[in-house]
Amino acid sequence: MREPKILLNHLSEYLAGDQTADQNSPGNVEDVRYVGDGKSVPTVIYKETALSSMGSPSSISFRALELPPNKQSKELDKYGRVSIYNIEDVGRTYYILFPKMIPEDWQAAEVVKHYTTARIAEKYVEQLHPEKFDIETRSAVLSKAKEIALEMCNLIYPQLPAQKKNIISEVIATDTVGFGPIEYLWINDRDNLEEIEVDHPIREIYVYHRKHGRCVTNLRFANERSFRRIMNAILRPLGKQLDPMHPVVDAQLPDGSRLHAQIYPASLTGATANIRLLGTDPWTFAKMIKFGTATPEIGAFLWMIVELQNAQIVVTGAPATGKTSMLSSLLVFIPRGERVVSIEEEINELRFYDKFINWIPLIGVYKEKKEEALKRGIEVSMLRTVLDQITNALRMRPDRLVVGETRGEEAVELFSGANWGIPFMTTLHSQEMGTAVIKRISNPPMSVPTNMITMLDLVLTLGTDVDKKRRIMQCSEILWRSRGQLPDKIESALKSKNLPSSLYGKVWQEGEEAAYLNTLYEFNDRSKSFVDNDADSVLMQRFGDRFGLSEKQVYEELDRRTEILSYLVQNDKTSFEEMGKIIYDYSNTPADQRDAFVASLKKGGKKK
């Protein structure tokens with residue numbers, strides 16, 4: 001066999017990435033062998049100079065860790081090769097089954113990888129060219145690479161057991177034409193995972209599981225060099241590079257997922273990355289119900305409020321509580337025929353069931369990017385911030401605006417549009433609940449004037465319970481004095497200037513304006529259940545007025561929609577297409593035939 005000239009080959013250069021080795025990495029590569037061992041590795045890595053020595057391009061970029069011995073574990077879930085455990089002193093663990101591999105097996109894998117890479121570079125460079133990769137063809141590409149690796153393994157280590165050869169070949173294929181440990185998570189299980197988190201070059205990788213929350217995995221990178229090589233394999237087709245000259249990178253991947261990565265000197269651990277995954281089937285409200293984030297009745301209520309068409313909805317919560325997913329799940333309720341303009345910053349995450357609406361997606365750049373361009377005298381005609389795009393959208397005669405996140409001066413333009421009669425839905429970061437959201441919107445950097453902020457109708461507050469499961473913590477209407485909505489008891493309490501403690505956090509006042517937080521639903525941490533506060537809903541009254549329904553008919557409508565959402569969850573019809581089709585069919589059904597529609601649906605029939 002001809003000795004491969006790996007560093008001279010263009011494909012191998014791609015596979016090798018940045019070949020500089022990290023001599024200052026703490027501990028030996030093999031020190032972290034069991035899930036949980038990463039805790040012993042120092043967090044901060046200080047480096048005085050850029051790395052300089054060459055490393056082997058045949059090194060395997062990752063290691064698969066074993067379950068820790070002598071620790072109790074309980075299996076919580078299992079599918080395919082994945083098991084979810086709760087392990088003593090470790091917590092929830094996302095475990096991918098690998099046959100046990102001792103250090104000598106990993107060394108053998110590196111030898112075989114050396115010759116496999118040479119064979120790929122010599123004979124299959126066109127078929128396996130990295131820039132030709134897309135999600136649809138990855139399986140065939142990995143299969144071919146594994147076939148080549150198995151051939152090399154049979155030649156070099158014929159004495160190895162078949163199972164050992166098979167896993168070594170899989171590891172090599174994943175590490176050459178795949179994305180190393182990220183391949184197992186991003187590509188293989190993207191519909192169950194929301195985020196991949198790399199905190200350190202040799203500590204365990206974490207994931208955020210849709211059902212089980214944050215879990216430590218049994219995968220880790222071998223070192224910082226391996227981390228950079230894999231990150232650059234992902235970034236290179238996008239024209240981006242992670243290196244000492246570009247230590248921070250943001251990118252939207254071809255499947256819509258978001259990647260943020262940092263290395264030293266920006267990250268003192270030496271390697272940090274988050275990949276927010278966009279699954280093949282987006283979040284729907286039925287999935288929210290299935291995972292306990294909400295109830296069918298809350299979903300039915302929100303469905304009616306979105307259909308109301310003139311209500312302003314804000315989804316709030318701390319980071320990673322699922323605000324964008326919740327907003328995206330509400331979009332399927334938008335009525336047929338609406339002209340909807342969505343505005344997001346830099347990256348498109350929202351997903352519409354757009355077969356029956358006119359959706360115009362717009363993207364804005366970071367405000368700082370535009371300001372930097374202006375300072376440098378660069379042409380900025382292509383650079384439009386979210387504020388610019390909201391202004392543009394208001395000129396496009398939309399029926400509704402959907403803004404991915406509101407956090408600054410663009411809020412004024414958004415509320416201004418609401419005053420003109422263009423409703424909006426958006427998210428904003430807020431750890432607080434209650435009227436603190438109004439304070440956040442009315443104060444800098446948003447500074448929405450009082451006469452505009454009164455257009456706010458509904459606040460949906462997300463959070464996590466004691467088990468770290470995402471929940472709708474509060475679903476509350478905002479009732480305003482200037483709109484004649486304040487209950488008499490609240491007016492009396494405000495006039496007496498003796499506000500009872502039970503109203504703290506529920507009443508807001510600024511000059512002559514006042515607001516009351518009318519909480520309809522909330523999550524009780526003690527009972528771990530959702531509570532219907534049985535409060536009179538102004539928005540439900542508005543729904544009745546708009547569609548000519550009595551109070552009894554409004555709540556009958558709520559019950560029917562609750563039954564539909566319950567049916568979808570119970571029968572596992574939670575996909576974007578299935579849910580969207582049923583909601584569209586129901587909304588298209590005349591009012592006097594809707595009971596029959598629900599009965600037919602529950603029997604498994606179709607609307608005639």
Side-chain angles (χ1 to χ4, degrees), residues 26-27 29-43 60-103 105-106 167 170-171 174-175 178-223 226-227 230 269 271-277 279 290-293 320-322 464-470:
V29 171
E30 308 302 338
D31 285 348
V32 181
R33 293 185 56 190
Y34 300 103
V35 177
D37 283 356
K39 294 177 182 178
S40 62
V41 177
T43 298
I60 302 297
S61 69
F62 69 99
R63 293 292 184 269
L65 309 181
E66 301 173 37
L67 291 175
N70 306 319
K71 289 191 177 180
Q72 294 184 351
S73 63
K74 179 181 178 182
E75 188 174 71
L76 305 177
D77 199 359
K78 185 175 183 179
Y79 56 91
R81 287 173 62 179
V82 175
S83 292
I84 308 294
Y85 292 100
N86 193 5
I87 301 177
E88 178 189 0
D89 295 332
V90 176
R92 293 194 176 183
T93 301
Y94 178 97
Y95 185 82
I96 300 175
L97 180 62
F98 283 87
K100 184 174 181 180
M101 292 181 67
I102 60 177
D105 294 329
W106 291 102
I167 190 61
E170 177 191 300
V171 165
T174 303
D175 205 48
F179 297 141
I182 304 301
E183 186 80 25
Y184 288 101
L185 307 170
W186 173 28
I187 305 301
N188 293 358
D189 201 18
R190 56 206 300 257
D191 286 334
N192 288 305
L193 303 180
E194 290 187 15
E195 197 142 359
I196 301 169
E197 303 169 346
V198 181
D199 300 335
H200 194 281
I202 60 174
R203 284 183 180 175
E204 300 92 337
I205 297 170
Y206 281 76
V207 294
Y208 198 98
H209 197 282
R210 287 190 172 189
K211 182 178 179 181
H212 300 286
R214 180 170 282 109
C215 304
V216 61
T217 74
N218 65 320
L219 298 178
R220 68 171 178 85
F221 282 100
N223 48 44
S226 296
F227 167 83
I230 295 300
T269 68
T272 303
N274 278 67
I275 302 177
R276 182 167 294 180
L277 305 179
K290 182 178 179 179
F291 288 115
T293 303
T321 51
T464 55
D465 64 11
V466 292
D467 296 322
K468 303 300 182 183
K469 291 184 178 180
R470 291 172 176 172

Pairing donors with acceptors under 3.5 angstrom, does anything connect the side chains of [X] and [Y]?
X: Glu195; Y: Asn274; answer: yes
X: Tyr95; Y: Glu75; answer: no
X: Arg203; Y: Thr269; answer: no

Legend entry - Pair listing, salt bridge (Lys or Arg N to Asp or Glu O under 4.0 Å) test, anchored in residues 84-95, at least two apart: none

Legend entry - Flag side-chain contact, heavy atom, 4.5 Å: Lys71 against Tyr34: no

Inset, instruction - May I ask you to test the Val35-Val216 pair for a side-chain heavy-atom distance under 4.5 Å? - result: yes

Inset, instruction - Please step through ring pair (Phe, Tyr, Trp, His ring centres under 6.0 Å) for the pair Phe227 and Phe221, ending with a clear verdict. - result: CA-CA 6 Å; Phe227 167 83; Phe221 282 100; 5.5 Å; yes

For [X], salt bridge (charged side-chain N to carboxylate O under 4.0 Å, His left out) partners two or more places apart:
X: Asp199; answer: none
X: Lys211; answer: Asp77
X: Arg214; answer: Glu197

Inset, instruction - Sequence neighbours left out, what passes ring pair (Phe, Tyr, Trp, His ring centres under 6.0 Å) with Tyr94? Give chain and number order. - result: none

Legend entry - Geometric cation-pi criterion Arg81 and Phe98, 6.0 Å radius, 45° cone: yes

Legend entry - Ser61: side chain to side chain contact (heavy atoms under 4.5 Å, CB included) partners, not counting sequence neighbours: Asp175, Pro181, Ser226, Arg229, Ile230

